[in-house]
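We name chains A, B, ... by the order of the sequence lines, and we start the count at 1 in each one. This one's a predicted model, so the numbers in the text were calculated from it and none came from an experiment.
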4 protein chains.
Amino acid sequence: MKFLVTGFEPFGQSNVNPSEQVVRALARRQFEGFAVETAVLPVHRFHGPQTLLTHVQQTRPDAVVCLGEAGGRTAVSIERVAINLLDFRIADNNGLVVQDELISADGPAAYFTTLPVRALQQAVAAAGIPAELSLSAGAFLCNQVTYELLHFLAQPQLAIPAGFVHLPLLPEQAANQTPLRPSMALDVMVTAVITILHTLCTQLRTPR
Amino acid sequence: MKFLVTGFEPFGQSNVNPSEQVVRALARRQFEGFAVETAVLPVHRFHGPQTLLTHVQQTRPDAVVCLGEAGGRTAVSIERVAINLLDFRIADNNGLVVQDELISADGPAAYFTTLPVRALQQAVAAAGIPAELSLSAGAFLCNQVTYELLHFLAQPQLAIPAGFVHLPLLPEQAANQTPLRPSMALDVMVTAVITILHTLCTQLRTPR
Amino acid sequence: MKFLVTGFEPFGQSNVNPSEQVVRALARRQFEGFAVETAVLPVHRFHGPQTLLTHVQQTRPDAVVCLGEAGGRTAVSIERVAINLLDFRIADNNGLVVQDELISADGPAAYFTTLPVRALQQAVAAAGIPAELSLSAGAFLCNQVTYELLHFLAQPQLAIPAGFVHLPLLPEQAANQTPLRPSMALDVMVTAVITILHTLCTQLRTPR
Amino acid sequence: MKFLVTGFEPFGQSNVNPSEQVVRALARRQFEGFAVETAVLPVHRFHGPQTLLTHVQQTRPDAVVCLGEAGGRTAVSIERVAINLLDFRIADNNGLVVQDELISADGPAAYFTTLPVRALQQAVAAAGIPAELSLSAGAFLCNQVTYELLHFLAQPQLAIPAGFVHLPLLPEQAANQTPLRPSMALDVMVTAVITILHTLCTQLRTPR
């Protein structure tokens, strides 16, 4: 079984992104029972989703898990839904701010993610790591790439499970910000994502 | 140079306490330039401070750093002050709830902690770990042992530096609680406390 | 112009609901330029949306603004989207807890609300009342009635604007809860909703 | 019975201060059973406490209740203690930022406020208004004037009850800030402070 796991490059005021760090840590490791392909996506309205879809087409994975940073969250947040909306509070790395625009002019209002989100949340929490199901991935790049990925995969022959997981700030990011916000150590986040991949592996092999 | 570092046993709904875990991790290690004596205090209105003072008298340290758990905090919180007040929101481990009582009938309203708190906060933050100066250690055991320690040390011949550091929940504690609260990995907290001890070592050796 | 404004009856631990109070306050008033019909919906998986749709059919309004309580929010929250998901954290007033079920087996994943949400948020904030655009109405009754309303109205001949606004707790609710949560005075919420109706009135009369 | 109630002028980014608004509202009213003298203090390290002490000497009140703004708090916060510390996060209105200085070089570390804080908190909550006891008034002007007031009154012949109450932001302040923070309507805060004065009146007339 092969997973594509993606992160994002740093954006905003930060020169590091936990999702990129997790992806780089996964890329250095071998796993039993599954292989992991990784990619780091640009925080760019156009190149972000393009890069993701290119990697999906090139790697032909059995499932896709996209990761991103969500400053302010305390837990590993497994997203349930991506909506057809761009509403940026800050500029992307191309300097672009978009307000109240559709991602896809003729796409549906939303797609549910197609990972077994409840099982993933329970598995991460059972591993002793704070985890939650989230009803909103925001309206920035994280939501956008998820929506575009699910839109792309919404064809019968491409129907592989795909979803998005938001990660808290790294301690070193939170240590340099005012006001103080929650953080999570890189090791803990890597363990959470590996737990997600193992759970996915089991779930996807089990006929439902 | 010799430090006494104390933690607390678990209390409330939890069967683990990050301060105990940090103290046990320190006890297994050797440090260059200083020695660390440790103790785990009972969460008990009477035995808590008694155990602390007994260890201070037995170990005769050059400085005392007490640690405790503060569910809800996002950062390593270096306390500036302890007040002469007992006002428990939950029972201690002896089942005792105290409301609006003095710790010491004839003691002052408060003592400032006597560690170089600003330098400690800056050193922990510089190590990439969220850290803050705190103006309140609460009105439970953490505040009480700090007050009683500073009251005891408020004699010229005993004037060693002493203070208190509150730690966030461990991930495994936060993973099993509703609502979600911030957490910090044990390794990160151990690094923070070692950074505090190294900084103390440097500061105490430098004539001020 | 005629508006239908709905609230909900109390639920959970509370014997009051700010949305019901606002609706009752509106029902006692006359407005210049528009009429307001009101209804209070049961917090009941089946009767909640049924009652709403019955009122829509009976009153034939020019727009529908549903109100509900969102404990923990600090601002008047104008919802952008309702999703096809029931995932109750607490029971409805019929004792029913639903997890991970669709609202409509063959409905789309979500509907965007069809009120001019940006203009409404700006108008409330300009009136000196904290207001925000929200990307999630949750997965309880508030989201459900919004989804079912938008599903019902998604027919060309019924295409009237409709949406949902979440309100903070009333002060008397927050005063009796631990931990403390934000609240907003009833008068302030009534003013916010009247501001929304006046803004809607202007917006709907202006050809776009 | 005569009370002195003080507020502060606006500071920081704001051109309004809830404590000033409450004090101005009280000054326009008559009360049965007690008289209220009011003053608005400058947010100025030197003139703030001076103005307060001048008013205390001129009005010779039976009790003093100082009010101030605490952005971020959700409840009427009745302070228990003021500490001998100046540590400003923002400049006072004179452009002065003070870090880690004592208020009084030879004063004690802290004074407990001398109002019946528990009874006041219970009375406000019973009136349906969120209220809490607070263990820290910060280290800015609010804490400073309280400390200096209690220091001044710490002479047997001047021993009148005195304390401090922090108020949340007004809705119009919170509506113009990012991120959103809790607020409380002016009417609610005025009712809270009148409840405090009535409770004080009863408590101070009752021999304890």
ask   = Do you know which two heavy atoms are closest between A/F112 and C/N84, and how far apart they sit?
value = CZ-O, 3.4 Å

key: Which atom of C/A110 lies closest to which atom of A/A109, heavy atoms considered   =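 Heavy atoms of C/A110 and A/A109 come nearest at O-CB, 3.3 Å.
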
Is it true that, when you exclude [X] itself, more than 12 heavy atoms of the residues, nucleotides or ligands shown sit nearer than 6.0 Å to its [atom1]?
X: A/Q13; atom1: CD; value: no
X: A/R89; atom1: CZ; value: no
X: A/R118; atom1: CZ; value: yes

message = Between C/N143 and chain A, with a heavy-atom cut-off of 4.5 Å, which part of the residue counts as in contact: side chain, backbone, both or neither?
response = neither

key: C/Y111 versus chain A, the contacting section by heavy-atom distance below 4.5 Å   =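 It is the backbone, since no side chain atom gets that close.
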
query = Roughly how far, to the nearest 0.5 Å, is the CG atom of A/L133 from the CG atom of C/D100?
reply = 7.0 Å

request  = Determine the sole option in A/V81, A/L135, A/I83 for which the side-chain contact (heavy atoms from CB on, under 4.5 Å) test with C/L135 is passed.
outcome  = A/I83

